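Heads up, the thing below is written out as structure tokens.
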Amino acid sequence: MASYLVPFLATFFLVSLLIPVAMRVAWKIRLIDMPVGRKAHQKPMPLSGGLAMFIGVVLVTLAFADGQPLVTALVVGGMLLVGVGSFDDWFKAQRREFPVSPKLIVQLLVAVIAYALQIRFGAISLSWFGWDSGEMYVFPQWLSFIATVVWIVGLINMVNFLDGADGLAGGVTVFSATTLFFIALVKGQETTAMIAIVLVGATLAFLRFNFFPAQMFMGDAGATFLGFALAIISLEGAMKGATLISLVVTVLALGLPVMDTVQVFVSRMLAGTALYQADRRHMHHRLMSRGLSPKQTVIVLYVVSFLFSAVSLLLFLYV
């Protein structure tokens with residue numbers, strides 16, 4: 001456990017140093033989210049927090065981890081997502097709409113890269129339902145590919161959808177990554193645990209500048225990177241050699257973004273609107289519409305996320 005403290009602290013302090021630099025750069029190049037339209041914030045916000053987190057995570061990961069496929073996926077996939085996310089943020093700063101197709105193509109590409117690096121759904125034990133404990137269902141290649149791509153692309157967007165209130169996406173990432181860290185630690189997965197705790201350190205450093213009232217945003221670059229990191233950590237960690245219970249544990253560890261996305265999609269289908277049409281159906285929007293302040297809303301959702309994580313760890317340890 002003590003061996004993970006150094007990379008955690010290194011990431012926390014490095015990102016804490018990088019964020020003021022990223023803020024100054026954002027102001028200089030006008031990478032700023034202006035409070036117009038349906039924006040909730042009241043003043044211009046730098047959109048460069050995601051870049052600072054990405055640089056911190058990558059530098060510390062490369063310093064402390066060997067060249068395993070998970071590290072390669074994190075670095076290469078992260079670079080692609082932060083790149084296209086930065087273009088999206090730039091368009092946003094210019095009050096223009098970035099097309100969806102390039103973002104989706106890059107998300108699919110990073111999922112394929114992870115799959116090619118063997119970070120994928122492979123097999124699942126059926127023992128939880130009373131079958132023989134040695135019985136495994138091996139995914140056919142086509143099903144493994146589809147499940148892996150859907151999981152990674154889904155989580156990238158789930159975390160991005162949550163990035164609508166100060167500190168929300170970052171805080172939920174901290175709870176989920178901490179849960180995945182403890183699961184990887186118990187399973188003896190050193191690299192997975194190290195990357196998870198590095199992600200926690202980077203996100204906590206960012207939250208010092210993003211919790212209400214925020215001084216900066218992570219942008220699409222940051223939100224999509226965090227979602228991707230959680231997706232590959234969970235595939236390589238909690239769901240490695242998965243049993244049905246470990247699948248449940250993983251979904252619970254990522255419970256808030258999963259629950260939020262499911263209820264939004266169900267609501268949009270019932271209303272007959274497009275699934276990817278931006279609206280105010282997310283949980284943080286619903287809570288604020290009922291009179292909660294942005295800060296109260298985020299604290300309530302932190303409690304929900306903590307409860308999901310607690311139940312996830314209890315199931316993992318005792319079932």
Side-chain angles (χ1 to χ4, degrees), residues 7 53-54 57-58 60-62 64-85 104-125 136-160 173 176-200 202 223-254 257-258 312 316:
M53 285 192 289
F54 170 71
V57 167
V58 167
V60 175
T61 298
L62 292 175
F64 285 91
D66 53 23
Q68 293 192 25
L70 182 61
V71 177
T72 303
L74 181 75
V75 175
V76 176
M79 287 177 62
L80 292 169
L81 287 168
V82 169
V84 73
L104 182 58
I105 289 170
V106 170
Q107 290 173 13
L108 291 169
L109 177 59
V110 300
V112 171
I113 290 171
Y115 179 85
L117 290 168
Q118 303 297 316
I119 302 169
R120 60 175 72 169
F121 287 98
I124 190 166
S125 169
M136 297 284 291
Y137 173 73
V138 179
F139 286 91
Q141 191 167 357
W142 65 268
L143 181 57
S144 172
F145 179 79
I146 291 173
T148 301
V149 170
V150 168
W151 179 257
I152 293 175
V153 173
L155 262 175
I156 288 171
N157 287 286
M158 287 176 194
V159 175
N160 200 17
T173 296
S176 296
T178 302
T179 306
L180 294 172
F181 163 72
F182 281 113
I183 292 172
L185 189 66
V186 172
K187 295 178 74 172
Q189 299 167 329
E190 295 181 1
T191 301
T192 306
M194 194 277 296
I195 294 177
I197 203 64
V198 162
L199 195 66
V200 173
T224 53
F225 171 65
L226 293 182
F228 175 68
L230 289 174
I232 61 175
I233 289 168
S234 61
L235 278 173
E236 192 69 3
M239 286 193 287
K240 193 73 171 180
T243 61
L244 288 174
I245 187 62
S246 68
L247 181 61
V248 173
V249 163
T250 307
V251 171
L252 285 171
L254 303 160
V258 172
S312 173
F316 175 72

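Values below: all heavy atoms of this structure, side chains included; hydrogens, waters and symmetry mates excluded. All of these numbers come straight from a predicted model, not from anything done at the bench.
- Looking at Val198 and Phe64, their side chains never come closer than 4.5 Å, going by heavy atoms from C-beta outward.
- Using a 4.5 Å heavy-atom cutoff, the side chains of Val186 and Phe316 are in contact.
- To the nearest 0.5 Å, atoms NZ (Lys187) and CG (Leu180) are separated by 10.5 Å.
- Partners of Thr173 according to the side chain to side chain donor-acceptor pair (under 3.5 Å) rule, which considers only residues two or more places apart in sequence or in another chain, do not exist here.
- Minimum heavy-atom separation, Glu236 to Gln189: O-NE2, 3.5 Å.
- Between Ile233 and Thr192, the shortest heavy-atom distance links the atoms O-CG2, 3.6 Å.
- Phe228 and Leu74 make their closest contact through CE2-CA, 4.1 Å (heavy atoms, listed as atom of the first residue, atom of the second, distance).
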Handout entry: Full working for side chain to side chain contact (heavy atoms under 4.5 Å, CB included) between Leu254 and Met158
Key = CA-CA 10 Å; Leu254 303 160; Met158 287 176 194; over 6 Å; no
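- The closest side-chain heavy-atom distance from Leu117 to Val76 is not below 4.5 Å.
- Of all heavy-atom pairs between Ser176 and Leu230, the closest is CB-CD2, 4.1 Å.
- Within the model, atoms CG of Leu199 and CG of Leu226 stand 5.5 Å from one another, a figure rounded to the nearest 0.5 Å.
- Expressed to the nearest 0.5 Å, how far CD of Gln118 lies from OG1 of Thr148 amounts to 10.0 Å.
- Residues Met194 and Pro7 have side chains in contact (heavy-atom distance under 4.5 Å, counting atoms from C-beta outward).
- Side-chain contact between Arg120 and Leu235 is absent, with no heavy-atom pair separated by less than 4.5 Å.
- Nearest approach of Ser234 to Trp151, heavy atoms of both residues: OG-NE1, 3.1 Å.
- Note that the CG atom of Leu108 and the CD1 atom of Ile113 stand 11.0 Å from one another [nearest 0.5 Å].
- For the residue pair Ala114 and Ile232, the shortest heavy atom distance occurs at CB-CG2, 4.2 Å.
- Rounding to the nearest 0.5 angstrom, the gap separating the CG atom in Leu81 from the CZ atom in Phe54 is 9.0 Å.
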Practice task
Under the side chain to side chain contact (heavy atoms under 4.5 Å, CB included) rule, what do Ile156 and Val110 come out as? Steps first, then yes or no, please.
Solution key: CA-CA 10 Å; Ile156 288 171; Val110 300; 4.0 Å; yes
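- A heavy-atom distance below 4.5 Å is found between the side chains of Trp142 and Ile146.
- At a threshold of 4.5 Å between non-hydrogen side-chain atoms, the residues Asn157 and Val153 count as touching.
- Using modelled atom types, no side-chain atom of Ser144 and backbone atom of Gly122 make a donor-acceptor pair closer than 3.5 Å.
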